[in-house]
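Contents: one structure, followed by commentary.
In each ligand, atom 1 is the first atom listed, and ligand 1 is the first ligand listed. Computed over heavy atoms, backbone and side chain alike; hydrogens, waters and symmetry mates excluded.
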Amino acid sequence: MILLKLGGSVVTDKSRAFSMREEVVKRLAGEIAEVGGELVIVHGGGSFGHPVATEHRLQEGLASETQLLGIAKTRLAMERLTERIVSILVSKALPAVPIQSSSVFQCRNGRIEKAEIWLVKGLLRLGCIPVLNGDVALDEARGVCILSGDQVLAYLARTLGAERAVVATDVDGLFDRGGRLISRVTRRSAAKVIPYITPSGDATGGMQGKVEELINLAEDGVPSTMVNALVKDRVRNALLGRKVKGTVFEAE
Ligand code: IPE
């Protein structure tokens with residue numbers, strides 16, 4: 001089984017609020033349809049989830065009643081994005097079934113503590129493609145948190161025993177300080193790069209958070225490949241396990 005993260009920078013235009021990259025998602029749906037096999041998709045928030053979540057400071061937890069409307073608006077924004085992505089997947093005859101992450105995961109201090117994993121397993125067993133998302137989730141310590149799609153991906157990959165993960169972004173992969181693409185990264189080499197990653201201001205830690213999730217996941221036995229999904233066929237080839245331009249996250 002393979003996990004695919006469709007980053008918010010791929011499915012949406014992050015420079016414009018609530019704008020989806022319709023054409024990119026259509027092409028990617030076609031690439032996914034060509035591959036087949038057991039798959040779980042997780043999509044990010046991009047210009048739907050992040051602006052609303054940060055405006056209401058939901059990543060800091062619940063401190064005031066004024067944030068309640070922010071929870072509702074973030075949830076609704078993610079619901080709308082999911083609906084549009086899943087509609088495109090279904091139009092390519094993919095049995096994509098949305099599962100709301102906030103109904104599956106319970107967090108504590110921003111980390112997943114419990115999951116109704118049977119839902120995901122059940123759909124997979126039927127041959128469907130579960131589609132989850134980054135989300136605003138309940139948090140035992142903070143009230144709410146912003147759960148990144150990357151954490152969802154890593155949690156599912158571990159729990160479901162995924163073979164590998166493919167992480168689709170809008171860049172070719174991870175770059176070193178000199179601007180060179182790093183084709184293979186481990187905990188040791190990542191430690192040299194992480195301090196130089198520009199903070200994104202997103203609700204979930206941007207590229208830095210992603211790298212940390214993927215390194216930990218690799219150490220737990222699931223390697224992943226980060227690819228630029230804006231370039232045709234990179235996602236398809238990465239899903240097929242072919243050598244592709246990108247960054248592979250591996251154990252030491
Ligand atoms: C964020 O999910 C979800 C919300 C902001 C509600 P991600 O952190 O996975 O989103 P991207 O991929 O960075 O946009």
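For E34, the CD atom sits in a packed shell: over 12 heavy atoms of surrounding residues, nucleotides or ligands are nearer than 6.0 Å.
Using a 4.0 Å cut-off between charged nitrogen and carboxylate oxygen, E31 and R27 count as a salt-bridge pair. Of the charged side-chain nitrogens involved, at least one lies within less than 4.0 Å of a carboxylate oxygen, so that E23 and K26 count as a salt-bridged pair. Looking at R234 and D172, a side-chain N of the basic residue comes within less than 4.0 Å of a carboxylate O on the acidic one, giving a salt bridge.
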Atom pairs and distances, donor-acceptor, side-chain atoms in residues 241-250, under 3.5 Å, two or more places apart:
unit_1, atom_1, unit_2, atom_2, d
R242, NH1, N237, OD1, 3.3
T247, OG1, L174, N, 2.8
T247, OG1, I182, O, 2.7
E250, OE1, R184, NE, 2.3
E250, OE1, R184, NH2, 3.4

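No path of Ile, Leu, Val, Met, Phe, Trp and Tyr side chains, each step under 4.5 Å between heavy atoms, connects L119 with M78, placing them in separate hydrophobic clusters.
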Check ligand 1 for N or O atoms under 3.5 Å from a protein N or O and list each pair with its distance.
unit_1, atom_1, unit_2, atom_2, d
ligand 1, 8 (O), T204, OG1, 2.5
ligand 1, 9 (O), K5, NZ, 2.9
ligand 1, 9 (O), G149, N, 2.7
ligand 1, 10 (O), G45, N, 2.8
ligand 1, 10 (O), H50, NE2, 3.1
ligand 1, 12 (O), K5, NZ, 3.0
ligand 1, 12 (O), G8, N, 2.8
ligand 1, 13 (O), H50, NE2, 3.2
ligand 1, 14 (O), G8, N, 3.4
ligand 1, 14 (O), G45, N, 3.3
ligand 1, 14 (O), G46, N, 2.8
ligand 1, 14 (O), H50, NE2, 3.2

